[in-house]
Every structure is written in C-alpha cells, then in structure tokens.
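So the structure is just underneath, and the comments pick up after that.
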Amino acid sequence: MADSNWLIEFPALSRDTLRLLQRSIDETFREFSRSYGQALEDFFEPLLWFMIWFERLLLNAPWWLVIAVIASCAYLASRNWKMTIGVIAAFLAIGIFGMWEDTMRTVSIITVCTLLAIVIGIPIGVMMARYDRAQATITPVLDVMQTMPSFVYLIPVVMLLGIGRVPGVIAVIIYAIPPVIRLTNLGIRLVDKDVLEAANAFGADFKQRLFGVQIPLAMPNIMAGVNQTIMMSLAMVVIASMIGVKGLGQPVLKAITNQYFSMGLFNGLAIVAIAIVFDRVSQAYGHRIQKHRQVGH
Amino acid sequence: MRMSITAMAGAAVLALANIQPAAAADCGRVTIADMNWASAEFAAYIDKIILETGYGCEVELVPGDTMPTSTSMMEKSEPDIAPELWINAARTALDRAVAEGRLIYAAEILKDGGVEGWWIPEYLAAEHPEIKTVEDALKRKDLFKNPEDPDRGAFYGCPAGWNCQLTTANLFRAYKGEEMGFELIDPGSAAGLDGSISKAYERKQPWIGYYWAPTWILGKYPMVKLDFAVPHDKEHWNSCTALAECDNPKMNSWPKSEVYTVVTPRFAKSSPEGMAYLKKRGWSNKVANEVLAYMSDNQYTGEDGARYFLEKYPELWKNWVSADVAAKVKKAL
C-alpha cells in the first residue's frame with residue numbers, strides 16, 4: 001500500500017488490519033453479551049410480562065368487546081361518528097378474513113411500542129428544547145437510528161436478548177422513536193416567545209411554564225410526532241417478525257418466501273387498515289385539541 | 001514469405017480480437033443464482049471464477065432463494081445456473097420441469113447430501129448424556145425453558161415460509177411436542193434462528209431446534225443431531241410429513257437431502273464445456289464445513305471462500321476441468 005499509486009487507489013487499511021479490527025469488535029461484543037446478557041434480560045423481564053399480559057388480554061377478550069373498546073377510543077378521540085363506523089368496519093373485515101389473532105398481536109405490540117416511545121421520547125424532546133447542547137448531541141444519534149439498516153442492530157439485539165417480543169420492541173422503538181423526539185423539540189421551540197414572557201411575568205416557574213404553556217401549545221406538533229411514530233412502528237412489523245415477533249408480519253414473510261400473492265396482500269392490507277385507523281384517530285385527536293385555540297383567538 | 005511488420009502486427013491484433021470475443025461468445029452471458037446462504041454463496045463464486053477464467057463466460061451473480069429461484073428458472077429460464085439447489089424443497093415441480101426439458105440436473109454438489117434434523121449443542125449433550133433421541137429431549141421441557149413462558153419448553157423451529165417449516169411442524173406434532181409442553185417457536189428468519197443459537201452458545205444455555213448441514217453455524221457451534229428413532233419412511237413423508245395438510249403425522253425422520261446443481265437448457269446448449277464442468281463439480285460436507293468455518297472465522301465473503309477453496313484443493317477441482325482450463329484458472333487466482 002506504500003506504493004506510489006496511493007493517489008489513484010485509495011490508501012485503505014490492509015485487509016488483515018481491517019479483519020483484526022472487525023474481529024476485535026466482534027469479540028468485545030461477545031464478551032459483553034456473555035457478561036451482561038443475562039442482566040439485560042432480567043432488566044427487560046417486567047416489560048416482557050407486561051407485553052404477554054396485554055397480548056393475552058386482547059386475545060382472550062371476546063372480539064366484540066375489543067372492537068367496542070377500540071371504537072369508543074376512536075369516538076372519544078375524534079368525536080366523529082363516520083370515523084368510528086369506519087374503524088368498526090375495518091376490524092370486522094380483518095376478522096372476517098381470518099386475521100383476527102395476528103392483528104391483535106400486532107395491535108398489542110404497536111400499542112406497547114407507542115406508549116414506550118411517548119414515555120421515553122417526550123422527556124428527551126423537552127430536554128433537547130431546553131438545552132442546545134442536548135439538541136446538538138442527540139440529533140446525530142436520531143439520524144443514525146433512523147437511517148441505520150434495521151438488520152445491523154437486530155442481530156446484536158438478538159444475540160443479547162434472544163428472539164421474541166423484547167428484542168422486537170427494542171428494534172421497533174429504535175426505528176420509530178425519532179419523530180416524537182424531534183417534533184416535541186420543534187414544537188416547544190416554536191412556542192411564541194411573547195407567550196413565554198407573559199408566563200414569566202406572571203411568575204410561572206419552570207414546571208408551570210412547561211406543563212401549563214409550552215407542552216399545551218406544542219401539542220399539535222407533538223401529536224404529529226406521535227402519529228409518525230405509530231406509522232413507523234407499523235412499518236417495522238414485518239422486520240420485527242424476522243426475529244420471531246408474532247403478528248401480521250409472519251404471514252407476510254411467509255407469503256414473500258413462498259410467493260403467496262393473495263396471502264401477502266391480505267395481511268399487508270390488514271397492516272394498512274390498522275395504520276389508517278391509528279393515523280386518523282390520532283390526527284383527529286390532534287385537530288380536536290387544536291380547535292379551541294382557533295375559537296379562542 | 002516475407003511480411004511487413006505492420007501486417008504482422010495487424011494480423012496479431014486481428015487474431016487477438018478474434019480469439020477474445022470468440023471465447024466469450026462460446027459461452028456468452030451467464031447468470032448464476034447467488035443464494036442467500038454461505039455454502040451456496042461460495043459455490044456460486046467458484047463457478048463464477050472457473051466459468052469466467054476457464055471458459056470465458058461473462059458471469060453475473062443474481063441474488064436468489066430456493067423457491068423464487070427455482071420457480072423463476074422453471075418459468076423464465078433465468079438465472080441459468082443454481083449451483084446449490086435443495087431438491088427436496090420442490091421435488092415434484094423440479095422433476096416435472098426436468099422431464100419437460102425445461103431444466104437439467106447437473107452434478108450433485110454436496111456428495112454427502114444435506115443433513116437436516118433437530119440438534120442440541122455439544123456441551124449440552126456432554127452434560128446430559130441421557131439425551132440421545134428426540135423423545136429424550138422432549139421429556140425435558142424444564143431444561144429447554146421458554147423465556148416467554150417458563151411453564152413450557154422452547155423448540156426453535158424453521159423460519160416461516162421455508163419448506164422445513166412444514167416438515168418440522170408435522171414432526172413436532174408426530175413426536176407430541178405440544179403435549180410434552182413445548183412451544184414451537186417461529187424464529188422468523190435464518191438470522192433469527194442463528195442469533196438464537198449463538199446467544200445460547202455464548203452463554204452455554206440449553207437450546208433445541210431445527211438446523212441443517214453443511215453450515216458455518218455447525219462448524220462454529222458444534223451440535224449433536226438427535227436421533228428420530230425411526231428410519232425415513234418415504235411414502236408417509238411424501239403423503240403427509242412434507243405437506244401442509246397432514247392430519248395425522250406419524251414419527252418419521254429426514255431423508256438425506258439431495259443437493260444438486262440445476263441448469264437451464266439454454267446454458268447447456270450455449271456452453272457444452274461449461275456444462276461438462278458443472279456435471280463433475282462437487283465436494284463432501286467435510287470440505288464444505290471447512291470452507292464455511294474459514295469464511296465465518298475471518299468474516300470472509302463467498303468470493304474469499306471460493307478463492308480459498310481453489311487454492312487449498314487443487315487436486316479436487318483439477319479433476320473437473322481439462323488441463324488447459326485448469327492452467328487458465330490457476331493463472332488467474
């Protein structure tokens with residue numbers, strides 16, 4: 001490599017050095033997995049039990065009850081009868097086409113992922129809005145999370161935690177959490193400075209300012225973030241099923257490997273139906289909480 | 001006869017220009033299925049190197065998988081060569097295609113055939129010498145604990161959509177896996193299945209499930225194949241075990257899988273020499289395991305594995321080709 005042609009050919013590390021580097025990284029990871037894998041598994045155990053409990057709840061409840069609960073959630077969020085009827089129709093169709101169980105599994109994992117993403121993501125977004133340095137460090141991390149091909153981090157996660165729900169949720173959250181963080185940050189930063197000044201003038205402390213002014217005013221943006229997070233976690237359903245997550249992803253995978261066109265189509269459409277239901281309902285909720293502002297002005 | 005230098009040079013250029021494309025035209029453009037598992041990958045590269053350097057073909061590797069590739073070869077004659085096709089996966093369709101002249105079986109690439117079965121890690125077999133057969137293992141749901149349901153055992157099956165999913169599921173029923181308290185887990189993908197094995201191995205945990213040889217996994221993480229306790233019953237296998245609708249599966253065991261190179265007639269016609277080579281080419285599982293272990297240990301690609309093979313086993317591959325082709329390949333290495 002010390003030849004004169006380094007101007008033409010890139011002076012890359014020699015293959016042996018590269019291999020040594022890769023192997024030492026792998027070895028380090030293996031060591032880490034050997035020493036901390038069990039501890040990590042124990043750490044995630046409560047999450048696993050919650051997910052299993054929630055999935056069984058959805059699976060064991062009578063189907064009409066599940067639909068009733070989902071429909072009333074949709075109505076409460078949107079106050080729109082047409083949408084509620086659409087939701088009921090979508091889930092009835094899913095049931096008629098024999099995809100009820102897989103759909104319930106997917107709905108349960110998406111719900112858990114969304115809740116976790118909100119619980120973890122909004123505080124991070126608030127922190128990013130408050131401290132510029134936090135924003136500067138976290139933004140590139142979010143970029144990596146969104147663009148790194150999922151299988152790159154799926155395999156290490158599987159080696160640490162095995163296959164199943166927990167690694168699946170981790171993979172989905174890594175991919176799906178960035179929008180809620182970004183849009184929380186953006187929403188809070190966009191809050192009118194004058195409004196904040198007014199709040200300060202009334203002697204509001206940090207907590208009052210955050211929960212009384214900033215978060216409510218940033219709500220439309222935060223809701224848009226939540227909405228995007230739901231969409232992205234649904235998009236990850238098929239990928240997650242490649243590490244043994246049960247749900248609509250598995251029949252899709254099966255259809256891909258066997259070229260069962262109709263099977264892939266049905267299950268794909270079921271994912272789309274869930275996505276549309278979640279999307280419309282969360283958007284309607286976002287709009288509804290915005291409405292009073294327009295009236296109030 | 002005197003010839004001017006320019007004329008000679010001109011003739012030489014002409015001759016060169018003639019030879020090169022002529023050799024390529026003999027064979028032309030060839031597509032080889034680069035299946036997404038390592039043993040097929042280095043096989044594809046061995047064929048690529050030999051066909052390109054030895055026979056002047058213009059080889060393109062196209063990604064493939066058993067079902068899509070075999071279907072596409074039958075219906076569209078594309079790609080030309082599937083170096084490592086597991087025949088059991090689509091035997092009836094393939095046999096029909098061969099009978100109709102749409103496909104040709106070339107050499108049996110894995111001389112020992114592919115070995116499928118249910119395995120446990122070597123350290124576990126040493127620790128529990130009493131576990132020898134499938135039934136022994138299925139009695140121990142307490143040993144192979146399912147992390148998502150501690151009351152039951154975990155049996156890692158075959159990824160969704162693979163043909164082994166049907167056979168594994170039927171055998172799992174035949175050996176009463178469910179009744180013995182095991183859950184048949186769908187790992188979702190080869191990566192998921194491999195990940196579950198390496199996780200178990202790194203932490204010396206129990207593991208039981210489906211796998212196959214030759215593979216780097218079995219080279220790197222030695223495992224012991226469980227005995228099914230019955231010989232392969234071909235009739236029941238074809239009428240039930242291997243089918244999706246198998247109401248009453250009986251105990252059975254995997255046959256040796258025949259693994260052949262499958263070629264389209266188009267290639268056989270356009271390059272009889274290349275076809276002759278493909279009719280001889282093949283190796284034992286021992287060789288395959290060694291190459292796979294080498295690739296995996298060094299994180300080498302199929303191409304590196306192929307070069308390693310060609311350097312390490314000249315006495316093997318020189319039997320497949322004529323002396324002048326062997327010399328050409330040797331020179332290009």
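In what follows, chains are A, B, ... by sequence order, proteins preceding strands, each numbered from 1. What you see below is based on every heavy atom in this structure, not just the backbone, and it leaves out hydrogens, waters and symmetry mates.
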Of all heavy-atom pairs linking A/L160 and B/K199, the shortest is O-CE, 4.1 Å
Quick check for you: to the nearest 0.5 Å, what is the distance between A/I163 atom CD1 and B/D186 atom CG? 8.0 Å
Got a sec: does the CH2 of A/W63 have more than 12 other heavy atoms crowding it under 6.0 Å? no
Taking everything shown except B/K145 itself, do over 12 heavy atoms lie less than 6.0 Å from its NZ? no
Using modelled atom types and a 3.5 Å cut-off, is there a donor and acceptor pairing between side-chain atoms of A/R165 and backbone atoms of B/E148? no
Looking only at atom types and distance, does a side-chain atom of B/R203 sit under 3.5 Å from a main-chain N or O of A/S33, one as donor and one as acceptor? yes
Could you check whether any side-chain heavy atom of B/W162 comes within less than 4.5 Å of a side-chain heavy atom of A/K254, counting everything from C-beta outward? no
Among B/P187, B/P68, B/G195, the residue with the most heavy-atom pairs under 4.5 Å to chain A is B/P187
Name the region of A/L161, side chain, backbone, both or neither, that has any atom closer than 4.5 Å to a heavy atom of chain B. backbone
Looking at A/Q22, A/M242, A/Q38, A/E41, which makes the most heavy-atom pairs under 4.5 Å with chain B? A/M242
Quick check on B/D304 against chain A: is it the side chain, the backbone, both or neither that has a heavy atom closer than 4.5 Å? side chain
Is A/R23 in contact with chain B via its backbone, its side chain, both, or neither, using a 4.5 Å heavy-atom distance? side chain
CZ (A/F29) with more than 12 external heavy atoms under 6.0 Å: yes
Counting only heavy atoms from other residues, nucleotides and ligands, does the tally under 6.0 Å from OH of A/Y260 exceed 12? no
Please flag which part of A/S241 lies under 4.5 Å from any non-hydrogen atom of chain B: side chain, backbone, both or neither. backbone
Using non-hydrogen atoms and a 4.5 Å limit, figure out which bit of B/Y156 sits close to chain A: side chain, backbone, both or neither. side chain
Return the CZ to CD distance between A/R30 and B/E202, rounded to the nearest 0.5 Å. 5.0 Å
Taking side chain as everything from C-beta outward and backbone as N, CA, C, O, which of these in A/F151 sits under 4.5 Å from a heavy atom of chain B? Side chain, backbone, both or neither. side chain
Tell me, side chain or backbone of B/T66 under 4.5 Å from chain A's heavy atoms, or both, or neither? neither
SB check A/K246 B/E183 (cutoff 4.0 Å): yes
What's the spacing between B/S189 OG and A/L253 CG if we round to 0.5 Å? 7.5 Å
Which residue out of A/V157, A/V166, A/L20, A/V158 racks up the most heavy-atom pairs below 4.5 Å with chain B? A/V158
Relative to chain B, which segment of A/E45 carries a heavy atom at a distance below 4.5 Å: side chain, backbone, both, or neither? neither
